[in-house]
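Have a look at the structure below before the remarks.
Model, not experiment: these values are computed from the prediction.
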Amino acid sequence: RALRKNTCKLDEFKNLYSLISYLLKTIEKKYVPSDREQKISKAIEYIAQNYNKHICNDELADVSDLSVVYFRKLFKDTMGMSPIRYVRMFKIKKAKEMLKSDYSSITDIAFSLGYNNVYEFSRDFKKCTGISPSKYKKQ
């Protein structure tokens with residue numbers, strides 16, 4: 001009997017954890033209508049192809065055939081961040097890949113990502129990751 005009671009409690013905990021896990025997974029997934037995604041998809045493609053250049057909201061809005069104000073609102077609602085922050089995060093993601101490889105210097109990485117100087121790159125990198133590019137490279 002004691003063994004059976006313990007088994008029942010374990011089943012209850014299993015079911016409870018399954019329910020909690022399911023709820024957490026559904027909370028993480030944010031519903032985004034496909035028409036919103038389609039409206040900003042051109043901008044996201046443009047960012048992926050031109051991340052090594054200076055990109056501004058005007059360019060991205062033009063690519064998406066939307067007004068700047070509406071584009072920024074739509075992008076933020078869809079992606080959860082501003083377009084310029086997305087560009088910065090995309091560049092930092094590329095920088096991490098370059099730092100992991102045997103790409104030359106941090107200065108070269110900064111210029112290849114479209115930064116005007118290494119200080120601006122280092123500031124953005126540290127703001128996004130919490131550590132400097134040189135520390136990241138050493139790790």
Side-chain angles (χ1 to χ4, degrees):
R1 274 185 146 176
L3 184 61
R4 189 171 183 198
K5 284 183 181 178
N6 287 339
T7 305
C8 288
K9 284 183 181 180
L10 288 175
D11 285 339
E12 289 174 5
F13 281 120
K14 177 186 164 195
N15 291 337
L16 178 63
Y17 284 123
S18 295
L19 177 63
I20 291 170
S21 174
Y22 172 76
L23 290 174
L24 288 173
K25 287 177 183 175
T26 57
I27 287 171
E28 289 176 16
K29 294 178 183 175
K30 184 179 175 185
Y31 173 72
V32 179
S34 61
D35 63 328
R36 285 184 174 188
E37 288 177 340
Q38 288 177 349
K39 287 181 181 177
I40 65 164
S41 65
K42 290 178 184 176
I44 291 173
E45 287 175 25
Y46 183 83
I47 292 167
Q49 294 170 356
N50 298 288
Y51 65 88
N52 58 341
K53 300 175 185 170
H54 177 74
I55 300 174
C56 64
N57 286 322
D58 293 340
E59 286 176 78
L60 297 173
D62 284 344
V63 168
S64 301
D65 295 325
L66 300 169
S67 72
V68 176
V69 174
Y70 181 66
F71 169 75
R72 287 181 62 215
K73 181 182 179 350
L74 186 66
F75 195 97
K76 187 167 185 169
D77 290 346
T78 306
M79 301 302 290
M81 65 181 76
S82 71
I84 298 306
R85 183 166 183 220
Y86 181 86
V87 170
R88 185 180 306 127
M89 297 294 281
F90 192 91
K91 287 183 179 194
I92 299 305
K93 180 182 170 191
K94 290 292 183 184
K96 286 179 179 180
E97 292 172 10
M98 291 176 180
L99 289 167
K100 286 179 185 176
S101 69
D102 243 1
Y103 204 82
S104 51
S105 70
I106 293 172
T107 304
D108 291 341
I109 292 172
F111 288 125
S112 69
L113 292 171
Y115 284 93
N116 295 327
N117 58 58
V118 72
Y119 304 108
E120 184 182 346
F121 167 68
S122 294
R123 184 196 67 222
D124 283 354
F125 192 91
K126 190 168 185 176
K127 188 185 283 187
C128 292
T129 63
I131 59 173
S132 67
S134 56
K135 282 185 182 178
Y136 185 87
K137 189 170 186 167
K138 288 176 186 175
Q139 290 178 353

Nearest-0.5 Å distance, CE of residue M79 to CD of residue E37
8.5 Å

Once you round to the nearest 0.5 Å, how far does SG of C128 lie from CZ of R85?
7.0 Å

Quick check for you: to the nearest 0.5 Å, what is the distance between Y115 atom OH and T107 atom OG1?
14.0 Å

Where do L113 and A95 come nearest, in terms of heavy atoms and distance?
CD1-CB, 3.5 Å

Out of the candidates L74, L60, I47, I44, only one should pair with P83 under the side chain to side chain contact (heavy atoms under 4.5 Å, CB included) rule; please name it.
L60

Does anything in residues 38-59 form a ring pair (Phe, Tyr, Trp, His ring centres under 6.0 Å)? List the pairs, not counting sequence neighbours.
Y51-F90

If you compare all heavy atoms of V118 against all heavy atoms of A110, which two are closest, and at what distance to 0.1 Å?
CA-CB, 4.0 Å

Least distance between heavy atoms, N50 atom then I55 atom
O-CD1, 3.3 Å

Closest contact, heavy atoms only, I109 versus L99
CD1-CD2, 3.5 Å

Is the number of heavy atoms from other residues, nucleotides or ligands within 6.0 Å of CZ (R123) greater than 12?
yes

Rounding to 0.5 Å, atoms CZ (R88) and NZ (K127) come to a distance of 5.0 Å

Which heavy atom of K96 sits nearest to which heavy atom of T129, and what is that distance?
CE-CG2, 3.4 Å

Taking all non-hydrogen atoms of both residues, which atom of F125 and which atom of I131 are closest, and how far apart?
CD2-O, 3.3 Å

Assigning hydrophobic clusters by single linkage (Ile, Leu, Val, Met, Phe, Trp, Tyr; side-chain heavy-atom cutoff under 4.5 Å), is Y86 placed with V69?
no

Shared ILVMFWY cluster between I84 and V68, side chains joined below 4.5 angstrom?
no

So, Q139 side chain and Y136 main chain: donor-acceptor pair closer than 3.5 Å or not?
no

Does the side chain of S132 reach to within under 4.5 Å of the side chain of S122, using non-hydrogen atoms?
no

Run the numbers on S82 and R72 for side chain to side chain contact (heavy atoms under 4.5 Å, CB included), then give the verdict.
CA-CA 7 Å; S82 71; R72 287 181 62 215; 5.6 Å; no

Separation between NZ (K137) and CE (M98), nearest 0.5 Å, reads 11.5 Å

Assess whether side chain to side chain contact (heavy atoms under 4.5 Å, CB included) is satisfied between E45 and V63, documenting all intermediate values.
CA-CA 10 Å; E45 287 175 25; V63 168; over 6 Å; no

I would like to know whether F71 and K39 meet side chain to side chain contact (heavy atoms under 4.5 Å, CB included); could you show each step before the answer?
CA-CA 9 Å; F71 169 75; K39 287 181 181 177; over 6 Å; no

Value for CZ (F111) from CD1 (I106), rounded to nearest 0.5 Å, stands at 12.5 Å

